[in-house]
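Here is the naming used below: chain letters follow the sequence lines, and residue numbers restart at 1 for every chain.
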Amino acid sequence: MADEFILETSGLTKEFAGFFAVRDVALKVRRGSIHALIGPNGAGKTTCFNLLTKFLKPSAGQIRYKGHDITAMPPADVARLGLVRSFQISAVFPHLTALENVRVALQRQHGSSFDFWRSKTVLDRFNPRAHELLNDVGLSEFANTPAVEMPYGRKRALEIATTLALDPEMMLLDEPMAGMGHEDIDKIAALIKRISAKYTILMVEHNLSVVANLSDIITVLTRGQVLAEGNYADLSKDERVKEAYLGAGHG
Amino acid sequence: QEKLDKTVKIGALSDQSGLYADLAGPGSTLAAQMAIEDSGLKAKGWTIDLISGDHQNKPDIGTTIARQWFDVDKVDTIVDVPNSGVALAVNNVVKEKNGVYINSGAATSDLTNAQCSPNTVHWTYDTYMLAHATGQALVKAGGDTWFFLTADYAFGAALERDTTAVVTANGGKVVGGVKHPLNTADFSSFLLQAQASKAKIIGLANAGGDTTNSIKQAAEFGIVKGGQKLAALLLFLTDVKAIGLETAQGLNFTETFYWDLNDKTRAFSKRFSERMKNSAPPTMVQAGVYAGLMHYFKALEALGGNPHDGAKVVAKMKTIPTDDPLFGKGEVEANGRVTHDAYLFEVKKPSESKGPWDFYKLVGTVPGNQAFTPLDKSTCALLKK
Amino acid sequence: MAEAKLAEKPVAAAGADVLTVKDLQAWYGESHILHGINFNVKAGEVVTLLGRNGAGKTTTLKSVMGVIGKRAGSIRFDNQEIIRATSDKIARLGIAFCPEERGIFASLDVRENLLLPPVVRPGGLPLDQIFTLFPNLKERLTSQGTKLSGGEQQMLAIARILRTGARFLMLDEPTEGLAPVIIQQIGHTIARLKSQGFTILLVEQNFRFASTVADRYYIVEHGKVIDGFANSELSANMDKLHTYLGV
Amino acid sequence: MSALTDDTLPITPRAMRDEMIVFAAMALLLAIVPWTGIYPFFVMQALCFALLACAFNLLIGYGGLLSFGHAMFLGTAGYVSAHALKVWGLSPELGILVGTAAAALLGLVTGYISIKRQGIYFSMITLALSQLLYFLYLQAPFTHGEDGIQGIPQGHLLGIFDLSKPLVLYYVVLVGFLAGFLLIYRTINSPFGEVLKSIRENEPRAISLGYKTDQYKLLAFILSGTLAGFAGSLKVFVAQNASLTDVHWSMSGEIVLMTLVGGLGTIFGPVVGAFVIIAMQQYLAGFGQWVTVIQGVIFVACVLLFRRGLVGELAHLLRRSL
Amino acid sequence: MQALYAQLLVGLINGSFYALLSLGLAVIFGMLNIINFAHGALYMMGAFVAYFLLNLGGINYWWALIIAPVVVGIFGMILERTMLQWLTGLDHLYGLLLTFGIALIVQGVFQNYFGSSGLPYSIPDQLKGGVNLGFMFLPIYRGWVVVFSLVVCLATWFLIEKTQLGAYLRAATENPTLVRAFGINVPRMITLTYGLGVGLAALAGVLSAPINQVRPLMGADLIIVVFAVVVIGGMGSIMGSIITGFALGVIEGLTKYFYPEASNTVVFVLMVVVLLVKPTGLTGRAA
Ligand SMILES: Nc1ncnc2c1ncn2[C@@H]1O[C@H](COP(=O)(O)OP(=O)(O)OP(=O)(O)O)[C@@H](O)[C@H]1O
Ligand SMILES: Nc1ncnc2c1ncn2[C@@H]1O[C@H](COP(=O)(O)OP(=O)(O)OP(=O)(O)O)[C@@H](O)[C@H]1O
Ligand SMILES: [Mg+2]
Ligand SMILES: [Mg+2]
């Protein structure tokens, strides 16, 4: 049944009081690919993400995910269909430990979350899987550290682990490398590469080397509209892209 | 033969810091203290202790203090207790613990009707008395159309209901009324309605800050100047002080005690105010505490000692006629109601006032046996033996 | 140690010392973060602090600005000791700060955000120059500040301190989240500011960008300055940089 | 709400063991109260308020929802139980059941309306709803206005336990309190509690993980309201009256105070807080006019000096969660 | 119909008190992020200061309008410097608890010395009497109150929303450290703002002294309503508070006519309705 495209939009538009942050965007994300969304600041990338994950209501247009029309679906339901996002500013549960952070996500998958009369020790059955996930992102040593005490880059990794715990089919990552040092960038990039074997990934990133190394296909957005689409090699030669995004000295 | 001893413990339970603190509160404790001293029982070998408490106008706190006083402190008698809700709640505790309850501060006539108890004596005043004395006098003086400004609370409703009955019984007519919420800051809207009703009398069936504010604002809107008369159904000396004579002059209302009634009241008030923090003379509630306790001591003496059996003491109190310097002669009726004269006062003009607390002119007296609920109308179960 | 060597070998640059930091220590609550930072900035220079995540670069800037509760040592600006001064006094001496987290105000619109920092002395950039630098801002003037995109907020954070006339700018990771075109523009801007006599203290993760603008570098690690060199010595120091930063 | 709960520590297995020890000690201490000469009515009353505060704490401390209207549950259950006992002549256990059920229903309705709003606006809606209820009770004839429902018969629980005997009543109230407390404790440490905490920590993130957070908040609200109602029904037997003060906004304020004084988001804090505040009301009563001033000073001191609350400060000192 | 006009007018007059009081509360909440529960107590102090000025110093109403807000404002600034200052960055609840404690202390002290039934203060001679508007008798003093408070409200709104000072204040609410690092003496500015908010409360107190009893609890009865006004208007929104204040006065006036028992409750009905329709109040920013 696997359609070629897991996510498709048509005519997607978002208007803020007369200002079109996203205008008539048709985006097709191929199942199993790493798809990058780039563009100058204010091009509408984050807005696009917000529309796809239903944190904003589109002014017009349609979103189809796995063949369902999700345009009018509430955000939690979209997440339940396996479309999960990360935030531009890192999103963790600060006073839960790394393990608990991941467990909360695992728990959602397995129901029983309304059981207020049962001991939370029933959640211990999620621990092995949670440790496995933490291990995947290199956070084993932080399992019992409250998220608030972890360094920035590690929080990012934790967020990814939490997202993975939902066993999503598709992940949306908004600037996963922002504010990271070189080492962390390499680690997370490797992680994304690794998980992309299983999941479809749509990401926004300004770090060009990351975009160049990771993405299978890139969509360039300017002023809310799609400017170009293609692989890195082609786009970096595209004059319009150079002018709008890459800047002079690039290529 | 049970054993009698000569120790008595009294608890003055009042609102020490809230709305009723001025008219009861510390002054009531002082009145109780003075009653103990004046009874002369100490000289006769009695030990009498007094403790006081603050019910903060919360029935819960009131009952817990009362219970604790009976259980732990071995209190025999609770006096004062302003605030109807607390008074009724404490009433139940006193009955359960078989203590003595001399209420002076509460307005609810339920204490001697539906909720009457063999342990309870209700001194000083109640809503029925206030309604009757004031209502009757004013209708007779020609105030035959009424408009009510009623606090939307049980005591306000009771005052209005009782007054309405009196007004109509005497040939008057109630032309309208508004129920306002408790603690309303602004009465202009209600006063406009009262003004529009053209009623001769505007009856204020409210209390405390609500009464003083409505009187003050009535002056502002020229109500009295326009020919209408205000009748405050429940007003205390401290309220008049608070409004000031300038504004309060000409008000009609009923009290059962005033410091400047006669030589005896003046003598007591002088001694009292010398010991009060702000030199205030006693209010009727505080006077009621004094008089109630004096009568209680009489009963104890007559019993020859304290049986620590509230019902028995109250029964004794009911057999002795009351007679004290503050309220004069009267009796404790079978339902616990104490009857004594009630007085209709009018507030003096500033020019007529000769001293800091010289506020009232006596305009009429209602004899004790007419002022309070007649026994045949009382719904008290004690009467249906 | 490395610091001692530094002091003996002042890096050549024009002008006198504007900022001299000696043995700076700083704490967040109980945790001791800076353990003796030493460096200096001369008039008209662009100096960049490099270091790993959590090394203490931001904390150093904040200490100079006076917004860290507990600090010790010596910070001299224009020959005045400011280690004890409150941040508003420090700002009035002509130091402006663009924080890492941008600090755009949600309750102000873009114009108000831009005009917020008071002008402390004459000579700031006029508004039209700012708008040619960051055209996005001009378009969004009436938006609520935090409704801007991440990158636009970064532009706004930089733009607003250019207005104040402060001659000493501290920029904490000004290129984070910006598109390559804009990063290049910021590079040009810094160069131009420098030519107009501004002095700039920069913190950067993006070494490639830093290398296009900086005169000198200091390496911060574990709350200490462990090394420093001029841009001219860069190629000779590439290996060291690699071990320090993983570049 | 971040700063409110910044000091809560994550619950580790070791903390759970600590808590069980403290719980056992608390239960034991409370069980021997009648034999110590401490006045049991005071303790009973404090227990009712302690349960109330714990129920409130479930919502704020673990769900991040600050209700300014919790008195409505106390008062509603109190009025309904009182009316059921006195007028319908129901047995005590049925009276408690009816009162608690009324509170649960109220929780469902008010929760449905209020949880849709965030932060201070949530608090304000709960306050407004409780004020509307206050008005309702003021107008409804069965409550008897400010006179309240008085002289409520205590009766025999399950036909066996004579509740008019203070000792029997004490143990019934104690068992009720402990049962309520354990239910709250279990809720906090249940799968549901984990989700609730994560919602408190970061709601958008919880939504993005696929949680329908409104449903969790609603359940928490209903649970909290029901338990608060249970406390109100118990209190009817202790005070033997139901009055308007129990639905007044100042009662809601008092609940907040108790929880804060004891330590918000701590398990035992609300209990300690309730005892402190009730003791203050009882024992300061002797200070007459200075009561309000003394109370004021204590609150000010509490905020300036013991911000985490008594238990919170202790826990912080010991680096344990209590 | 005529009666209705009269009700609308007195409603508007009452609204001016709500507006003035909630304005101060909104300024303090908006700028300091503190829910100032002591507002009612400070309003009461304003009225008492007017009383003292008249009875101890023989200083009349007009001077009281200036002196009382200044005196109470200074008292407020002392409170801010010694206590409230330590609450920056903490949850609202702490500010609420602290100011509630302060309110208890202030009210308790006044009650101790002046009792609970209050003191008289009369209308200044120049404003005595009234005019017959045909449909009602309007006391001149009430007319004065409405005009005066409107002017004060608009002036305050202008100061905070339309001047650079206002921008500083709003920014400092969000991130005081950064605003200070821009060269603004934030602590001093906050202290002065608190003084301003408190001064507005005291001003309302002076205005109300001739109408209401000067009682220690006069503010305690009012605070919840005023608080509700601020919430309905949108926490911290100046204009929202002003408009809601006046509107509530009118709505309450109508309720007093049609269903007087509910006149103290209608504000909460309004609050529920508004919050259900507009999650952050009429003009509020996000919570
Ligand atoms: N809620 C909003 N109200 C008004 N304008 C908005 C809102 N959200 C975004 N915008 C505007 O829409 C445009 C697109 O913003 P968006 O955040 O999607 O950009 P972006 O592509 O993610 O940029 P960046 O790379 O800088 O993060 C911006 O100009 C922004 O100012
Ligand atoms: N508010 C704080 N409280 C406690 N510790 C802090 C706080 N802010 C930073 N730290 C710690 O201080 C250390 C230095 O932080 P700083 O922000 O100065 O690093 P940095 O060099 O700027 O790193 P980055 O590149 O990530 O911005 C880090 O270990 C960090 O965890
Ligand atoms: Mg973005
Ligand atoms: Mg940093």
Side-chain angles (χ1 to χ4, degrees), chain A residues 16-22 38-50 56 87-89 149-156 174-175 177-187 204-209 211-212 220-224 236 241-251, chain C residues 28 31 50-55 57-58 100-102 110 134-144 146-156 158 172-173 175-188 203-209 212 220-221 241-247:
Chain A
F16 295 110
F19 176 81
F20 286 85
V22 170
I38 63 172
N41 298 107
K45 304 178 295 291
T46 302
T47 309
C48 236
F49 264 42
N50 284 334
L56 284 175
F87 287 81
Q88 192 161 359
I89 290 154
E149 290 172 22
M150 292 163 58
Y152 185 74
R154 299 305 152 104
K155 279 189 203 160
R156 270 340 269 249
D174 197 354
E175 300 196 28
M177 316 298 184
M180 278 188 200
H182 295 274
E183 289 163 303
D184 282 325
I185 290 181
D186 294 346
K187 269 191 202 147
V204 170
E205 185 52 64
H206 285 301
N207 188 320
L208 281 182
S209 61
V211 173
V220 186
L221 225 53
T222 53
R223 305 189 152 268
S236 59
V241 177
K242 270 193 198 169
E243 187 199 345
Y245 184 67
L246 299 175
H250 248 280
Chain C
Y28 283 113
S31 44
L50 299 169
R52 291 168 198 259
N53 281 125
K57 307 179 293 290
T58 299
E100 173 174 40
E101 70 285 352
R102 297 165 189 163
V110 172
F134 304 113
N136 289 39
L137 296 183
K138 191 169 183 183
E139 275 174 46
R140 316 285 304 129
L141 271 182
T142 53
S143 277
Q144 186 190 328
T146 45
K147 289 267 168 75
L148 290 184
S149 83
E152 288 167 340
Q153 292 187 31
Q154 184 67 62
M155 300 175 198
L156 180 54
I158 299 172
D172 197 351
E173 306 202 18
T175 62
E176 191 200 316
L178 292 187
V181 251
I182 308 283
I183 295 181
Q184 284 166 18
Q185 273 187 44
I186 291 192
H188 297 319
V203 164
E204 256 310 333
Q205 292 280 359
N206 185 340
F207 175 72
R208 205 197 307 211
F209 168 75
T212 61
V220 183
E221 197 166 292
L241 265 181
H242 196 78
T243 45
Y244 290 143
L245 304 176
V247 176

- Item | Partner set under salt bridge (Lys or Arg N to Asp or Glu O under 4.0 Å) for Glu101(C), not counting sequence neighbours | none
- Pairwise distance CD(Gln144(C)) to CZ(Phe16(A)) - rounded to 0.5 angstrom: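 Rounded to the nearest 0.5 Å, the CD-CZ separation comes out at 11.0 Å.
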- Message: Which one wins on heavy-atom pair count under 4.5 Å against chain A: Leu178(C), Ile183(C), Ile182(C)?
- Response: Leu178(C)
- Message: Which atoms of Glu152(C) are under 4.5 Å from chain A, going by heavy atoms: the side chain, the backbone, both sets, or neither?
- Response: both
- Considering all heavy atoms, the nearest Ala179(C)-Pro40(A) contact: CB-CA, 3.7 Å
- side-chain hydrogen bond (donor to acceptor under 3.5 Å, both in side chains) partners for Asn207(A), two or more places apart: Ser209(A)
- Message: Please classify the contact of Phe19(A) with chain C as side chain, backbone, both or neither, using a heavy-atom distance under 4.5 Å.
- Response: side chain
- Turns out that what part of Glu243(A) lies under 4.5 Å from chain C's heavy atoms comes down to backbone
- Message: Can you confirm whether Arg223(A) sits close enough to Glu139(C) that some side-chain heavy atom of one is under 4.5 Å from a side-chain heavy atom of the other?
- Response: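 When only atoms from C-beta onward are counted, Glu139(C) and Arg223(A) do touch, with a gap below 4.5 Å.
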- Task: Kindly say whether Ser149(C) contributes a backbone atom to a donor-acceptor pair with the side chain of Asn41(A) at under 3.5 angstrom?
- Result: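 A pair under 3.5 Å: no.
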